[in-house]
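In what follows, every heavy atom counts, from backbone to side chain, and hydrogens, waters and symmetry copies are set aside. Whatever order the structure lists ligands and atoms in, that order sets their numbers, starting from 1. If you read the sequence from its start, that first residue is 1, and numbering goes on from there.
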Amino acid sequence: MKTLRRLWQGLALGAAVQSLVLADDTIPALVLTSDAGKGDALAVSGQFSRAVPGELRYADRASLLALPGVTRLRERPWVMMPEADLTVVPLATVVGALVPQGDADAILLRCSDRWESVLPLSFLASHQPYLLLLHNGKSPEQGWPMFSRVEGLAPYYVNVSEKAHPGFKGVIDTGMISATQVVEIRAINLQRHFAPLYAGTWEKLSEEASAGRAIFVRHCNNCHQAQGVGGNTSQRPLVLLQTHATHNPQFFRTMVTQPKSVYPDTVMPPHPFDDVTFIRLIQFLRETLALSQTAP
Ligand code: HEC
């Protein structure tokens, strides 16, 4: 239950940051429109006071560029990409301009490739992740580089500056933070968001499986949905992972450590886990498979 507790601690921290952000009246409110602008505008939803419940509102690139704190970095957007002039705005500023409300303590970034990143507000304060607005002075329609052979950055990209935080591996308890193809920012409450992973029959997992769940949330959930939570870049139902882990752990291990040996073009990153980590992850998938087969 350690990770669960750490997540909940993040919640308390998030609340502190939230009031900090709310108290910052130097950030002018973003004007949102109902116009998606050919997909170049950022959708805003969830527990923001600027959002409209049940509807999407949009911030366009020009209004994001007009925010205070827009700055230029000279660095690589990603280790495999060349250095460039990055015109960025701190995500914390965007969040401040949208004004989180109620018990919102995190944001969710939804991406067009069905990736989802969850960033606690406390993380926005500690690591100042940026939202990329222009690359070498250009908007996406004027030409942005590809992130990989099969993956673009546009319309929006979120990352932590490698110069401001050298050595940061890009992964926190709630998953990987660097998000390509971001189309929506949503304010959420962490505990409610992850609750389905801790509720019902999943409430009483063994200690080992529970540790495996934390590994899953941290390393897999951006792309592999479970109990309706998380991204779905993989487009693989959880039962497929559970079945591999249960009946063919050797293949499961190969797939996780060297995904390109199975799918040469895959976007799934290699995870060179040690034995203990595999035992926990596999136990989590086995146990939850067994539960789904015995559940009424
Ligand atoms: C960046 C997204 C991403 C992350 C993170 C990710 N995966 Fe995947 N995974 C995929 C995609 C995409 C596929 C489907 C293969 C393909 O077409 O590229 C896949 C396929 C798989 C498969 C094979 C399913 C099958 O039979 O086709 C397994 C097993 C798997 N992932 C396990 C994991 C585990 C365990 C983790 C965490 C340690 C993980 N993945 C993290 C994207 C991801």
Side-chain angles (χ1 to χ4, degrees), residues 3 7 77-81 108-119 129 146-154 156-160 168-184 193-194 197 202 205 208-290 292:
T3 303
L7 263 172
W78 184 245
V79 280
M80 307 299 276
M81 297 177 81
L108 184 149
L109 301 172
R110 191 175 62 77
C111 305
S112 59
D113 60 352
R114 306 183 195 207
W115 167 285
E116 280 184 13
S117 288
V118 172
L119 313 184
M146 292 292 281
F147 179 77
S148 70
R149 204 156 64 78
V150 290
E151 189 178 358
L153 292 173
Y156 294 94
Y157 172 63
V158 167
N159 199 15
V160 167
F168 174 62
K169 298 270 186 283
V171 183
I172 56 176
D173 284 352
T174 53
M176 276 178 267
I177 73 99
S178 72
T180 63
Q181 305 167 57
V182 177
V183 291
E184 182 181 334
H193 177 73
F194 286 108
L197 297 180
W202 288 30
L205 299 186
E208 204 156 63
S210 182
R213 168 172 51 198
I215 296 158
F216 182 87
V217 169
R218 196 178 163 96
H219 295 285
C220 319
N221 201 208
N222 299 80
C223 300
H224 289 282
Q225 209 169 71
Q227 308 278 79
V229 178
N232 193 15
T233 311
S234 67
Q235 300 202 45
R236 298 292 195 275
L238 188 68
V239 65
L240 194 59
L241 270 62
Q242 292 169 321
T243 306
H244 286 313
T246 306
H247 300 292
N248 198 353
Q250 199 45 53
F251 169 80
F252 178 79
R253 236 178 133 125
T254 304
M255 181 66 210
V256 174
T257 50
Q258 304 163 50
K260 283 195 197 306
S261 72
V262 182
Y263 296 99
D265 271 339
T266 191
V267 295
M268 179 167 152
H271 295 85
F273 290 147
D274 60 18
D275 285 351
V276 174
T277 306
F278 267 111
I279 289 169
R280 291 174 172 165
L281 191 54
I282 288 174
Q283 186 59 28
F284 162 62
L285 293 167
R286 280 187 181 166
E287 220 169 287
T288 50
L289 178 64
S292 65

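Looking only at heavy atoms of the protein, atom 12 (C) of ligand 1 is closest to Ser234 CA, 3.5 Å. Nearest protein heavy-atom contact of atom 33 (C) of ligand 1 is Met268 CE, 3.3 Å. Distance from atom 26 (O) of ligand 1 to its nearest protein heavy atom, with residue and atom name: His244 NE2, 2.7 Å. Atom 17 (O) of ligand 1 has Arg236 NH2, 3.7 Å as its closest protein atom, hydrogens excluded (heavy atom only). Of all protein heavy atoms, the one closest to atom 37 (C) of ligand 1 is Cys220 SG, 1.9 Å. Met255 CG, 3.7 Å is the protein heavy atom nearest to atom 23 (C) of ligand 1.
When the heavy-atom distances from atom 2 (C) of ligand 1 to Gly231, Gly212, Cys223 are ranked, the shortest goes to Cys223.
One N or O on the side chain of Ser292 and one on the backbone of Leu289 form a donor-acceptor pair closer than 3.5 Å. Although no hydrogens or angles enter the test, the distance criterion places a donor-acceptor pair under 3.5 Å between the side chain of Ser117 and the main chain of Met176. Distance alone, capped at 3.5 Å, is enough to place a donor-acceptor pair between the Asn222 side chain and the Glu116 backbone. With Arg253 contributing its side chain and Phe251 its backbone, the two residues share no donor-acceptor pair below 3.5 Å.
Contact annotation: for Val256 versus ligand 1, heavy atoms closer than 4.0 Å belong to the side chain alone. Residue contacts with ligand 1 for Phe216 are absent, since no atom lies close enough (heavy atoms, distance under 4.0 Å). When heavy-atom distances to ligand 1 are checked against a 4.0 Å cut-off, Pro269 comes that close only through its side chain, counted from C-beta outward.
The distance from ligand 1 to the heavy atoms of Phe252 drops below 4.0 Å at these ligand atoms: 29 (C), 35 (C). Ligand 1 places these atoms under 4.0 Å from at least one heavy atom of Trp115: 1 (C).
Checked against a 3.5 angstrom limit, the closest N/O atoms of Tyr263 and ligand 1 fall inside it. Note: no N/O pair closer than 3.5 Å links Asn222 and ligand 1 by distance alone.
Classification of the Phe284-Trp202 ring pair by plane angle, with boundaries at 30° and 60°, yields perpendicular. The aromatic rings of His219 and Phe273 stand perpendicular to each other, their planes meeting at an angle above 60°, with 30° marking the opposite boundary. The aromatic rings of Phe278 and Phe252 sit perpendicular to each other, their planes meeting at more than 60°, with 30° as the lower class boundary.
Between the side chains of Tyr157 and Asn159, at least one donor N or O lies within less than 3.5 Å of an accepting N or O.
Using a cutoff of 4.0 Å between basic side-chain nitrogens and carboxylate oxygens, Asp275 and Arg280 are not scored as salt-bridged.
Note: Leu109 CG to Glu184 CD = 9.5 Å, rounded to the nearest 0.5 Å.
For Met176, the heavy-atom gap to ligand 1 drops under 4.0 angstrom.
Taking backbone and side chain together, Thr266 holds no N, O or S atom under 2.8 Å from atom 8 (Fe) of ligand 1. Taking backbone and side-chain atoms together, His224 has an N/O/S atom less than 2.8 Å away from atom 8 (Fe) of ligand 1.
Minimum interatomic distance between Met268 and Met255 (heavy atoms only, all atoms of both residues): CE-O, 3.4 Å.
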